[in-house]
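Comments concern the structure below.
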Amino acid sequence: QVHLVESGGGVVQAGGSLRLSCAASGRTYSSYAVGWFRQAPGKERTFVATITWSGDTTYYADSVKGRFTISRDNAKNTVYLQMNSLKPEDTAIYYCATGRPSVTPALYDYWGQGTQVTISS
């Protein structure tokens, strides 16, 4: 089993930045791809970004490309999501998950509890 804990969420004004962290414990974390997803109230959970186990391949949703950066430090068992130029529509609960690199939530096996990100206009 892999246990994931997200942190770094909060309330910021539009145009601001946040860095989310996803800390893992349990089975060999570095063997898995890690994805970030988000879920706004009343909406489905959607893909944000993913990174392969080696960190050499990343993929982003079009809505965040150029603004968000995913990275990982396997020595610290932590994956980061740097979010810049934030917009009110980025408001959601952000979740990290481990599994196969994909935009599909069903291909991720373990999920964190989520961290709330709120962007004020």
Side-chain angles (χ1 to χ4, degrees):
Q1 276 228 329
V2 178
H3 182 59
L4 303 174
V5 178
E6 301 96 335
S7 61
V11 180
V12 296
Q13 288 189 327
S17 298
L18 282 173
R19 189 176 81 156
L20 305 183
S21 298
C22 174
S25 60
R27 290 177 59 185
T28 309
Y29 182 59
S30 61
S31 299
Y32 297 93
V34 175
W36 283 97
F37 293 79
R38 64 188 182 186
Q39 188 166 18
K43 296 189 177 180
E44 292 186 348
R45 191 170 298 188
T46 59
F47 169 77
V48 175
T50 190
I51 187 167
T52 55
W53 70 270
S54 64
D56 60 357
T57 302
T58 58
Y59 186 73
Y60 299 91
D62 287 343
S63 59
V64 305
K65 202 172 294 182
R67 300 188 298 123
F68 291 12
T69 302
I70 189 171
S71 62
R72 68 190 298 165
D73 184 341
N74 287 339
K76 296 182 178 180
N77 286 336
T78 302
V79 170
Y80 305 98
L81 185 67
Q82 178 67 45
M83 306 187 297
N84 299 327
S85 302
L86 285 161
K87 306 175 181 180
E89 51 264 43
D90 294 318
T91 294
I93 299 174
Y94 283 70
Y95 300 89
C96 66
T98 63
R100 287 182 279 174
S102 171
V103 303
T104 306
L107 294 182
Y108 290 81
D109 302 308
Y110 299 100
W111 292 78
Q113 83 291 344
T115 185
Q116 177 70 48
V117 171
T118 303
I119 312 303
S120 61
S121 57

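Because the structure is a prediction, the values reported are computed rather than measured.
Using a 4.5 Å heavy-atom threshold, the side chains of Ser63 and Arg38 count as touching. Side chains of Trp36 and Val79 form a contact here, defined as non-hydrogen atoms less than 4.5 Å apart. Residues Met83 and Arg67 form no side-chain contact, since every pair of their non-hydrogen atoms from C-beta on lies 4.5 Å or further apart. Looking at Gln116 and Thr91, their side chains come closer than 4.5 Å, going by heavy atoms from C-beta outward. Using a 4.5 Å heavy-atom threshold, the side chains of Ile119 and Val12 count as touching.
Note on Lys65 versus Asp62: salt bridge recorded, some NZ/NE/NH1/NH2 to OD/OE distance being below 4.0 Å.
With rounding to the nearest 0.5 Å, the separation of OG in Ser21 from CG in Leu4 is 12.5 Å. For the atom pair OG1 of Thr46 and OH of Tyr95, the computed distance is 11.0 Å after rounding to the nearest 0.5 Å. Atoms OG1 and CD1, from Thr118 and Ile93 in turn, are 9.0 Å apart once rounded to the nearest 0.5 Å. In this structure, the separation between CD on Gln1 and CG on Asp109 is 10.5 Å, given to the nearest 0.5 Å.
Listed for the Glu6 side chain is a donor-acceptor partner under 3.5 Å among the backbone atoms of Gln113. In terms of modelled atom types and a separation under 3.5 Å, the side chain of Thr78 and the main chain of Lys76 share a donor-acceptor contact. No donor-acceptor distance shorter than 3.5 angstrom exists from the side chain of Thr52 to the backbone of Ala33, with no hydrogens or angles considered.
Looking at every heavy atom in both residues, Ser17 comes nearest to Asn84 through OG-OD1, 2.9 Å. The minimum heavy-atom distance between Pro101 and Thr50, with the atom names listed, is CA-OG1, 4.0 Å. When all heavy atoms are compared, the tightest approach of Ser121 to Pro88 is CB-CG, 3.9 Å. Closest of all the heavy-atom pairs between Val2 and Ala24 is CG1-CB, 4.2 Å. Shown here for Leu81 and Tyr94, the closest heavy-atom pair between the two residues is CD2-CD2, 4.2 Å.
Under a hydrophobic clustering in which Ile, Leu, Val, Met, Phe, Trp and Tyr are joined whenever their side-chain heavy atoms come within less than 4.5 Å, directly or via other members, Val34 and Val117 fall into the same cluster. In the hydrophobic cluster analysis, where Ile, Leu, Val, Met, Phe, Trp and Tyr join through side-chain heavy atoms closer than 4.5 angstrom, Tyr80 is grouped apart from Trp53.
Listed by chain and residue number, Phe47, Tyr108, Trp111 satisfy the ring pair (Phe, Tyr, Trp, His ring centres under 6.0 Å) test with Phe37 (two or more places apart in sequence, or in another chain).
Ring planes of Tyr110 and Tyr32: perpendicular class, angle over 60° (limits at 30 and 60°).
Partner of Leu20 under the side chain to side chain contact (heavy atoms under 4.5 Å, CB included) criterion, chosen from Ile70, Thr115, Val48: Thr115.
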